[in-house]
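Scope of the values below: all heavy atoms of this structure, side chains included, with no hydrogens, waters or symmetry mates.
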Amino acid sequence: MEKWLSLWSIGQQGTLNDFTAIKQAGFEGIEIWAEQQSSKKYLEYAKQAGLKIGIHLPFHDSNLATPDPVVYERTFHVLTEWMETLSKYGGRHATFHGGYAWSSEERDETLIRIRQRLLVLNEKAKQYGIELLLENLIPDKLNYCHHIASNVEEWLDLIHEANIKACLDIGHLAVMGDNLETTIAKLGSALGAVHLSDNDRKSDLHLLPGEGENLSKDLNNYLEAYQYSGPIVYEINPYKYSLQDIIEHITKVNV
């Protein structure tokens with residue numbers, strides 16, 4: 001397994017020295033947060049620091065599942081443009097959100113639409129040598145709309161039908177109310193990356209591991225049972241923690 005860091009966690013003012021510190025702390029790779037204004041600059045810093053590179057594709061102002069053809073066309077263009085950029089830096093995985101149905105009543109017809117679009121998106125990803133990873137999302141508790149995928153069975157169905165892989169966000173999973181060990185078993189070889197943070201099982205707080213309900217307890221054992229060797233991406237709240245806080249945590253874990 002490889003230790004990675006989401007660049008959401010360092011904020012928008014990161015420097016080349018920060019990337020050197022990330023590498024020296026034992027992180028093997030970084031996941032670009034595409035919506036940061038510094039994201040293109042961060043690609044260069046990561047390359048110079050010798051870090052492996054993945055990407056979290058943009059999702060604000062985007063909805064891959066939208067019924068609006070103009071919104072979909074724009075979303076598809078932005079996602080594929082980022083995959084092309086990632087490929088130029090030797091990146092190989094792209095985590096993304098499946099979008100959402102405008103209302104919960106439209107869930108079924110929206111799923112038909114997103115299945116077709118995932119196949120098209122994956123064909124484009126293959127052209128750039130990129131592996132797509134669909135992330136599990138937190139359900140809308142008001143049931144106003146439906147986020148895709150915000151239950152495990154729906155997530156698994158989409159992954160298998162589109163022949164893509166999963167990004168398991170353990171913080172999201174806890175708020176979803178699902179069991180970590182059971183979910184990892186269901187994913188099996190379809191697991192492509194893990195997003196690591198802690199919370200209170202109620203809100204997606206992005207705390208350092210151990211500062212919430214200790215969601216990552218026994219995580220490594222569960223992953224080793226299925227010979228998982230991919231990225232474990234620390235996705236930590238930059239408004240609560242500094243990069244130094246994260247590095248100090250990593251240092252303690254590695255002792």
Side-chain angles (χ1 to χ4, degrees), residues 2-25 27-64 71 74-100 121 125 128 130-138 147 167 169 171-172 192-199 203-208 231-247 249-250:
E2 299 179 351
K3 197 179 279 88
W4 286 44
L5 181 65
S6 166
L7 292 191
W8 175 63
S9 303
I10 72 169
Q12 308 238 34
Q13 306 300 322
T15 66
L16 179 57
N17 286 339
D18 291 330
F19 282 72
T20 301
I22 290 168
K23 177 74 171 180
Q24 291 175 344
F27 288 102
E28 296 184 53
I30 52 89
E31 193 171 80
I32 293 289
W33 190 262
E35 288 158 323
Q36 287 180 320
Q37 294 180 358
S38 305
S39 53
K40 297 286 179 69
K41 181 172 64 177
Y42 285 174
L43 280 167
E44 288 292 338
Y45 287 166
K47 181 179 179 180
Q48 292 179 51
L51 290 157
K52 295 181 180 180
I53 302 172
I55 195 169
H56 193 306
L57 292 169
F59 59 93
H60 292 108
D61 297 328
S62 302
N63 181 7
L64 192 60
V71 174
R74 173 61 180 165
T75 299
F76 185 81
H77 171 75
V78 170
L79 298 185
T80 54
E81 188 175 57
W82 265 111
M83 288 192 291
E84 180 181 12
T85 298
L86 178 65
S87 70
K88 293 176 181 177
Y89 284 86
R92 288 293 174 262
H93 89 253
T95 296
F96 72 106
H97 290 185
Y100 55 92
L121 188 66
Y128 297 120
I130 302 297
E131 185 173 67
L132 286 179
L133 282 65
L134 179 62
E135 185 174 3
N136 57 309
L137 301 179
I138 295 172
H147 295 285
C167 173
D169 189 304
H172 292 179
V194 175
H195 279 178
L196 176 64
S197 66
D198 210 344
N199 64 43
S203 300
D204 193 24
L205 302 173
H206 290 275
L207 305 175
L208 281 169
I232 298 178
V233 185
Y234 279 69
E235 198 177 59
I236 307 301
N237 186 343
Y239 307 107
K240 181 177 177 61
Y241 304 99
S242 67
L243 174 59
Q244 188 58 39
D245 292 332
I246 298 170
I247 288 175
H249 168 85
I250 292 297

| field | Validation row: I22, L51 side chains within 4.5 angstrom (heavy atoms) | value | yes
| task | Taking salt bridge (charged side-chain N to carboxylate O under 4.0 Å, His left out) as the test, write out the residues that go with E131, two or more places apart. | result | K165
| For D245, all residues meeting side-chain hydrogen bond (donor to acceptor under 3.5 Å, both in side chains), sequence neighbours excluded | S242
| What residues form a salt bridge (charged side-chain N to carboxylate O under 4.0 Å, His left out) with K23, not counting sequence neighbours? | none
| Tell me, do L207 and Y241 make a side-chain contact under 4.5 Å, heavy atoms counted? | yes
| request: Check whether any side-chain heavy atom of L43 lies under 4.5 Å from a side-chain heavy atom of I55, and answer yes or no. | output: no
| side-chain hydrogen bond (donor to acceptor under 3.5 Å, both in side chains) partners of Y128, counting only residues at least two apart | none
| Minimal non-hydrogen separation, A34 against P58, with atom names | CB-CD, 3.5 Å
| message | On a heavy-atom basis, which atom in C167 and which in N136 lie closest, and how many Å separate them? | response | O-OD1, 3.2 Å
| note | The reported gap from CG in L79 to CZ in R74 (rounded to nearest 0.5 angstrom) is 10.0 Å
With a 3.5 Å cut-off and sequence neighbours excluded, list the donor-acceptor pairs that the side chains of residues 7-21 form with protein atoms.
from	atom 1	to	atom 2	distance (Å)
S9	OG	S6	O	3.2
S9	OG	I236	N	2.8
S9	OG	I236	O	3.0
Q12	OE1	Q37	N	2.7
T15	OG1	N17	N	3.4
T15	OG1	D18	N	3.2
T15	OG1	D18	OD2	3.4
D18	OD2	T15	N	2.9
T20	OG1	L16	O	3.2

| query | Does S203 use its side chain to pair, donor to acceptor, with the backbone of N199 at less than 3.5 Å? | reply | no
| Sequence neighbours excluded, which residues qualify as salt bridge (charged side-chain N to carboxylate O under 4.0 Å, His left out) partners of E35? | none
| Heavy-atom distance under 4.5 Å between the side chains of N237 and L208, does that happen here? | no
| Exercise: identify the closest heavy-atom pair between E135 and T95 | OE1-CG2, 3.7 Å
| Hey, are the side chains of W4 and V194 touching, using non-hydrogen atoms and a 4.5 Å cut-off? | no
| query | Does the side chain of F96 reach to within under 4.5 Å of the side chain of L133, using non-hydrogen atoms? | reply | no
| said: So, using side chain to side chain contact (heavy atoms under 4.5 Å, CB included) as the criterion, who are the partners of Y100 when residues are at least two apart? | reply: N63, W102, H147
| request: Classify the side-chain pair H172/D204 by whether it contains a donor and acceptor separated by less than 3.5 Å. | output: yes
| field | Set of residues satisfying ring pair (Phe, Tyr, Trp, His ring centres under 6.0 Å) with respect to H97, sequence neighbours excluded | value | H56, F59
For residues 87-94, run the donor-acceptor check on the side chains, cut-off 3.5 Å, and write out each pair with its distance to 0.1 Å, sequence neighbours left out.
from	atom 1	to	atom 2	distance (Å)
S87	OG	E84	O	2.6
Y89	OH	E44	OE2	2.5
H93	NE2	E31	OE2	2.9

| request: Could you check if a side-chain atom of F76 sits within less than 4.5 angstrom of a side-chain atom of L121, using non-hydrogen atoms only? | output: yes
| Quick one: are I32 and L86 in side-chain contact, heavy atoms under 4.5 Å? | no
| message | Could you report the tightest heavy-atom contact between Y234 and L5, atom names first, then the distance? | response | O-CD1, 3.5 Å
| query | What distance separates E235 CD from L196 CG, expressed to the nearest 0.5 Å? | reply | 9.5 Å
| Row check, W33 ring normal vs K40 NZ/CZ: under 6.0 Å, within 45° | no
